[in-house]
Every structure is written in C-alpha cells, then in structure tokens.
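By convention in this document, chain letters (A, B, ...) are assigned in the order of the sequence lines, proteins followed by strands, and residues within each chain are numbered from 1. For clarity, every value in this text was computed on a predicted model and none was experimentally measured.
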Amino acid sequence: MTLRIATWNINSLRLRLPLLDRLVEALNPDVICLQETKVPDELFPAEALAPLGFPHVHYKGMKGYNGVAILSKIPLTSHDDAPDWCAKSDCRHAGVILSVPSGPIELHDFYVPAGGDIPDPVANPKYGHKLDFIAETRNWFTARNLTRTVLVGDLNIAPLEHDVWSHKQLLDVVSHTPPETEGLTAWLNAGFTDAMRHFVPDTEKLYTWWSYRNRDWRGSNRGRRLDHIWVTPDLKPKLAGMTIHTDARDWPQPSDHVPVCVELKV
DNA sequence: ATGGTGGGCAACCCA
C-alpha cells in the first residue's frame with residue numbers, strides 16, 4: 001500500500017480544528033501526527049474530529065501547553081513503552097504501532113522543548129532541558145534495534161546549514177546552536193535517516209516554520225526547518241514522496257508551522 | 001540593539 005504520514009505543529013488543536021479539513025484535502029494522509037495540541041485528554045475534541053475520517057486516535061495532552069495526537073485511518077495500538085522524558089510528564093511524545101497489511105510499523109510523534117531564548121544551560125534551564133531531552137531520546141533509541149520505524153514531529157532544531165535562512169546569523173540562536181544541531185544529528189544517527197533530505201539536497205534551503213513576528217513571511221522568507229520525518233534505513237527504499245505544504249502558512253489564523261507529509265510504499 | 005505576533009487562560013507563561 002501507499003502510506004502517507006503527515007506531521008504538523010497545529011498550535012492549539014481546538015482553535016484550528018477547521019484547518020484539518022484543508023490539510024486532508026491538500027495532502028490526503030492516512031495518518032496525521034500533531035504537536036502542541038494544548039488540550040487535556042478529558043477535553044480532546046473526539047466528536048468534532050469524527051467527520052474528518054480518522055477513526056483511530058491516540059493522544060496525550062495537558063492543560064495549556066504541549067500535547068501530541070495521532071489520528072489514523074489505519075488501525076493502531078498505543079506503544080508508550082518509552083521513559084518519561086526528563087521526568088516531567090509533559091506530554092511531548094506518543095508512540096503507536098500501525099497495523100499495516102504488510103506488517104506492523106512503529107510510529108513516534110515528538111514535540112521537543114523549544115528551549116527558551118538564551119543558549120546557556122545554566123542561565124536558562126529551558127535550554128538545558130532541551131539538551132537533556134535530546135540526549136535521553138538519543139540514548140533510548142540507540143539501545144533499541146529498530147526496523148520499520150518512522151519518527152516525526154516538531155523537533156525544534158534546524159540541524160543543517162540550509163535548514164535556516166542564515167546559518168551565520170543563527171549560530172547562537174536557540175534552534176540552530178552547535179550543541180543542539182550536534183545533539184539532533186546524534187539522535188538521528190541512533191538508527192534513522194532524514195526522509196526530507198532524501199528528497200532535497202543539503203545545499204537547498206528547506207523550511208517548515210516562519211515566525212509570527214514577521215509581517216511578510218513569504219517575502220522575507222526567514223524560515224527554519226524545525227519539523228522532521230525520519231525513517232529507519234530499511235524503509236529508505238520505500239520512500240516515494242515528500243511534501244512541505246507551505247501554502248498552509250497563509251491559511252486563515254495559521255499555525256506558524258506548516259504540515260509535512262511523507263509517502264511510503266509499504 | 002530592539003521588538004516584533006500569537007495561544008492559553010485569566011496573571012503571566014510559553015512559543
């Protein structure tokens with residue numbers, strides 16, 4: 001089958017419910033992984049989502065912040081055997097097993113801490129938390145021997161020179177500092193390949209996020225690639241397509257992130 | 001060098 005998996009930092013699921021119709025129309029995904037749902041589980045809008053046509057859901061949310069959700073047309077079972085990252089119980093990760101006819105596929109949906117403004121773990125504990133988080137996830141995935149696994153999400157780090165509009169100007173801006181980019185690359189190398197860069201050479205600019213604090217986001221185009229799709233090497237020959245739906249940045253009341261979708265022949 | 005905008009949720013926290 002052709003399996004399409006989309007990832008999107010929706011920045012409030014309840015506020016942007018109507019935009020999910022546009023996402024489905026544009027990308028026709030089988031699975032949607034969301035971040036920053038900002039809704040506690042007891043208030044998850046299951047009824048409002050029902051007409052969208054994704055009967056299988058798995059979500060982990062909390063009041064006000066963070067939160068992840070997986071909406072699927074394919075039957076799934078929850079697979080939350082991962083540790084409580086940094087012992088914070090802050091709803092930044094959901095794992096599922098997708099019951100694909102050719103065999104199960106493991107799927108991880110992550111929302112990595114943004115890390116605050118100051119790139120110093122002592123002066124800014126949020127930055128320290130971010131570095132600790134990606135060290136823990138890296139170690140956990142290294143210790144497992146993964147196949148048929150997809151990892152997606154808002155990883156809040158733009159690892160490559162051309163994942164930001166100006167490598168030089170962002171080297172000490174949180175999201176592109178060497179400790180972050182090196183940490184993210186080490187996590188990637190714990191058993192994955194970068195599915196987006198499989199389709200677009202490292203020398204080409206690639207963004208998934210544009211700040212709200214920019215009047216003309218398209219004109220100035222000061223973007224960053226904060227959202228990622230990784231697959232285990234056995235799935236690399238199955239990669240059939242990748243779309244960054246940049247137009248979503250102009251939807252009414254947009255998220256500052258745009259959806260990314262990958263197509264796998266599995 | 002600074003401040004710019006947006007969401008949650010009721011004062012600021014977070015991005």
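- Distance CG (A:L19) to P (B:dG7): 11 Å, rounded to an integer number of Å.
- Here A:W165 and A:H176 keep their ring centres 6.0 angstrom or further from each other.
- Comparing the P positions of B:dA10 and B:dC14 gives a spacing of 15 Å, expressed to the nearest Å.
- B:dC9 and B:dC13 have their C1' atoms separated by 10 Å, with the value rounded to a whole Å.
- The residue A:R222 sits apart from the nucleic acid: no heavy atom pair falls under 4.0 Å.
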- [ ] Summarise how protein sits on nucleotides 8-15 of chain B as a single string, 5' to 3': B when a protein heavy atom is under 4.0 Å from the base, S for sugar-phosphate-only contact, - for no contact.
- [x] SSS--BSB
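- The environment of A:R138 atom CZ is sparse: at most 12 non-hydrogen atoms of other residues, nucleotides or ligands sit within 6.0 angstrom.
- Proximity of the aromatic rings of A:F110 and A:W187 is defined here by a centroid distance below 6.0 angstrom, and this criterion is met.
- What separates CG of A:D117 from P of B:dG4 is a distance of 14 Å, to the nearest Å.
- Side chains of A:N124 and A:D117 form no contact here, defined as non-hydrogen atoms less than 4.5 Å apart.
- The separation of B:dA15 from B:dG3, taken at their C1' atoms, amounts to 16 Å, rounded to a whole angstrom.
- Judged by the 6.0 Å distance and 45° axis criteria, A:R224 is not positioned over the aromatic ring of A:W209.
- Taken from CD1 in A:I157 to OG1 in A:T185, the straight-line distance is 8.5 Å, to the nearest 0.5 Å.
- Rounded to an integer number of Å, the gap from CZ of A:R249 to P of B:dT5 is 13 Å.
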